[in-house]
Amino acid sequence: MSNLSVLVTTPRLDSPGGVSELMRLLALNQSQDIDYFEVQSGGTFLKKVLFFTLIIPQFIVKILKKDCIHFNPSMNANSFWRDGFLLIIAKILSKRTVVYWHGWDKKFSAKLYKIRLLNYFFKLSFQRSSATLVLGQVFKDELVSLGVDDSTIQIIGNAAAIPDVSLRTRELDPLRVLFLSRIEPGKGLDLVIRTIAELQLILPVHLSVAGDGTLMDQMKSLSKEMLLNDVRFHGHVKGKEKTELLLNSHLLFQPSSSEGMPLSMIESMFFELLIAAKPVGGIPDWVSQDHAILLNHDDPKLWANAIASRFHDKTKWEEDVVFQCRFAHQHLSPASLRERLFTIYQL
């Protein structure tokens with residue numbers, strides 16, 4: 001990278017969220033011209049307001065010496081107001097700004113069309129960014145409809161760590177299905193459990209649930225109610241435990257109703273897992289319809305039949321996972337995303 005100086009706003013880097021994980025992985029601040037600046041705090045609403053008030057003068061001092069400011073918002077209320085306000089400050093000081101949208105709450109984005117104050121603030125802030133980066137075409141279309149200049153928007157994707165272990169030969173007997181996500185409303189674990197209940201009538205199958213969240217107890221009860229033969233709830237996993245789960249699984253089943261482009265999905269592509277998901281958010285831009293199971297419905301029998309059909313065609317299964325793994329190496333590696341960002345900073 002040239003001598004262009006960049007400040008990257010981040011969530012707390014010690015938090016478990018996807019944006020924090022991505023910023024740690026990219027390690028942009030290892031470049032001598034790039035610094036990270038944390039803009040997220042935990043705790044009560046009052047604590048968050050106090051934290052934000054205190055960082056504003058620090059932010060101003062930091063950006064005075066910078067050429068470009070890179071923001072990492074999600075489309076939700078907290079991020080919208082916080083990052084939007086900081087972006088306005090950066091524009092007042094005539095800085096180049098790059099907005100890289102990550103999570104996307106469709107209910108909140110819908111309010112931008114209906115509530116005049118939100119729409120006006122969006123025009124003052126995010127609509128004026130020098131460059132806008134999104135995870136998929138669906139997000140680009142929505143931002144254009146909100147008034148963002150089409151020519152300033154790029155679909156840039158996401159990245160995950162490339163495995164530093166040798167992939168194993170995995171016999172599809174039994175089929176080992178992995179759900180790797182927060183256990184929250186909209187993430188689809190209830191559909192996964194109901195699908196496995198149907199699938200186990202057709203073929204031997206094991207389900208691993210990796211993640212935690214507010215619906216954990218409810219999902220454990222549902223798995224008992226559906227009489228799952230072989231299921232294990234691992235809780236939140238990381239490090240070696242996560243690697244072992246990926247190494248020993250065949251299929252990532254993650255039918256979320258709303259997504260950006262999950263890091264867990266990219267990780268699974270690197271580990272040669274077949275992807276089963278709904279074609280939402282940025283997923284259709286980065287997961288091939290021809291080499292994955294992408295279905296936009298909630299019928300567990302249809303999901304079970306689709307998975308069983310692919311399971312019985314071992315040649316097609318192998319072709320699919322190899323294709324997606326190669327695609328991930330070419331387009332979704334940390335190195336490729338890092339280089340794209342460096343180029344965008346200097347446009």
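Values below: every heavy atom of this structure, side chains too, minus hydrogens, waters and symmetry copies. Remember, it's a predicted structure, so these values are computed and weren't measured experimentally.
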Verdict with supporting geometry, Gln324 and Ser288, side-chain hydrogen bond (donor to acceptor under 3.5 Å, both in side chains): CA-CA 7 Å; Gln324 288 286 187; Ser288 169; 4.7 Å; no
Evaluation steps, side-chain contact (heavy atoms from CB on, under 4.5 Å), between His206 and Arg232: CA-CA 8 Å; His206 168 81; Arg232 181 178 174 189; 4.2 Å; yes
Derivation of the side-chain hydrogen bond (donor to acceptor under 3.5 Å, both in side chains) call for Ser79 and Ser74: CA-CA 6 Å; Ser79 190; Ser74 291; 5.3 Å; no
Ser5 and Lys66: CA distance, side-chain angles, deciding distance, side-chain hydrogen bond (donor to acceptor under 3.5 Å, both in side chains) verdict: CA-CA 5 Å; Ser5 184; Lys66 300 295 181 181; 3.3 Å; yes
Trace of the side-chain hydrogen bond (donor to acceptor under 3.5 Å, both in side chains) decision for His70 with Tyr100: CA-CA 7 Å; His70 166 169; Tyr100 184 180; over 6 Å; no
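Between Asp298 and Leu191 the shortest heavy-atom distance is O-CD1, 3.5 Å. Scanning both residues, Leu180 and Ser264, for their nearest heavy atoms gives O-OG, 3.3 Å. Shortest non-hydrogen contact noted between Glu38 and Ile55 is O-CD1, 4.5 Å.
Counting heavy atoms of neighbouring residues, nucleotides and ligands inside a 6.0 Å radius, atom CZ of Phe233 exceeds 12 of them. In Lys62, the NZ atom is not crowded: 12 or fewer heavy atoms of neighbouring residues, nucleotides or ligands sit closer than 6.0 Å. Counting non-hydrogen atoms of neighbouring residues, nucleotides and ligands closer than 6.0 angstrom, the CZ atom of Arg24 exceeds 12 such neighbours. Counting heavy atoms of neighbouring residues, nucleotides and ligands inside a 6.0 Å radius, atom NZ of Lys301 does not exceed 12 of them.
Judged by distance alone, the side chain of His250 and the main-chain N or O of Glu171 form a donor-acceptor pair under 3.5 Å.
A tilted orientation is assigned to the rings of Phe71 and Phe59, their planes being inclined by 30° to 60°. Under the 30°/60° scheme for interplanar angles, the aromatic rings of His331 and Trp286 are found to be tilted.
A cation-pi arrangement is absent between Lys123 and Phe126, since the terminal nitrogen or guanidinium carbon is not both under 6.0 Å from the aromatic centre and inside a 45° cone about the axis.
With sequence neighbours left out, the side-chain contact (heavy atoms from CB on, under 4.5 Å) criterion links Glu142 to Trp104, Ser109, Tyr113, Ser145, Leu146.
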